[in-house]
Amino acid sequence: MRLVVDLNRCQSYGQCVYAAPTVFRFHGEESLEYDYAPGEDTRRDVERAAAACPVQAITLGAATEPSPLAEERDR
């Protein structure tokens, strides 16, 4: 599983940190850090975190899918 967070969209509400604390965490007061390739054992929590995000800044994908940033760069 691959995880992408749009940090420009993220408003630091922290719902993801509560839903999946082993994957998401705050560095300082507002800087979100996350594991971009969490293990399958955290899938349920990560899906909950994505659903709980008020601004829908979290995207989940398969580890084999191309990165959205790579696709944009290649255009």
Side-chain angles (χ1 to χ4, degrees):
M1 162 174 54
R2 194 189 50 191
L3 180 61
V4 176
V5 178
D6 182 342
L7 296 175
N8 291 317
R9 182 180 281 192
C10 177
Q11 297 295 308
S12 300
Y13 289 109
Q15 298 305 309
C16 57
V17 177
Y18 293 115
T22 62
V23 177
F24 299 94
R25 63 206 153 275
F26 281 119
H27 178 75
E29 291 185 23
E30 294 184 8
S31 180
L32 182 69
E33 293 180 343
Y34 64 97
D35 180 356
Y36 67 92
E40 283 297 319
D41 59 324
T42 63
R43 177 176 285 279
R44 187 172 179 186
D45 290 343
V46 170
E47 288 173 347
R48 256 187 262 162
C53 181
V55 295
Q56 300 299 294
I58 302 169
T59 305
L60 302 173
T64 58
E65 292 178 4
S67 166
L69 296 175
E71 288 177 358
E72 190 173 298
R73 182 187 65 231
D74 293 340
R75 288 183 197 172

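These numbers come from the heavy atoms of this one structure, side chains and all, not from hydrogens, waters or symmetry mates.
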Membership question, hydrophobic clusters at under 4.5 Å side-chain separation (ILVMFWY): are [Y] and [X] in the same one?
| X | Y | answer |
| --- | --- | --- |
| Val46 | Leu7 | yes |
| Ile58 | Phe26 | yes |
| Leu32 | Tyr18 | no |
| Val23 | Tyr36 | yes |

Looking only at non-hydrogen atoms, find the nearest pair between [X] and [Y] and report the distance.
| X | Y | answer |
| --- | --- | --- |
| Ala57 | Cys10 | CB-N, 4.0 Å |
| Met1 | Thr42 | CE-OG1, 3.9 Å |
| Pro38 | Asp35 | CD-O, 3.2 Å |
| Phe24 | Cys16 | CD1-O, 3.6 Å |

### Task
Indicate yes or no: does Glu47 engage Arg44 in a salt bridge with an N to O separation below 4.0 Å.
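No, this pair does not count.
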### Task
Could you grab the distance from atom OG of Ser31 to atom CZ of Arg25, nearest 0.5 Å is fine?
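The distance works out to 10.5 Å.
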### Query
Which distance, rounded to the nearest 0.5 Å, do you find between the CG of Leu3 and the OG1 of Thr59?
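Leu3 atom CG to Thr59 atom OG1 measures 8.0 Å (nearest 0.5 Å).
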### Query
Is the backbone N or O of Gln56 less than 3.5 Å from a side-chain atom of Arg9, with the two atoms forming a donor-acceptor pair by type?
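It does hold such a pair.
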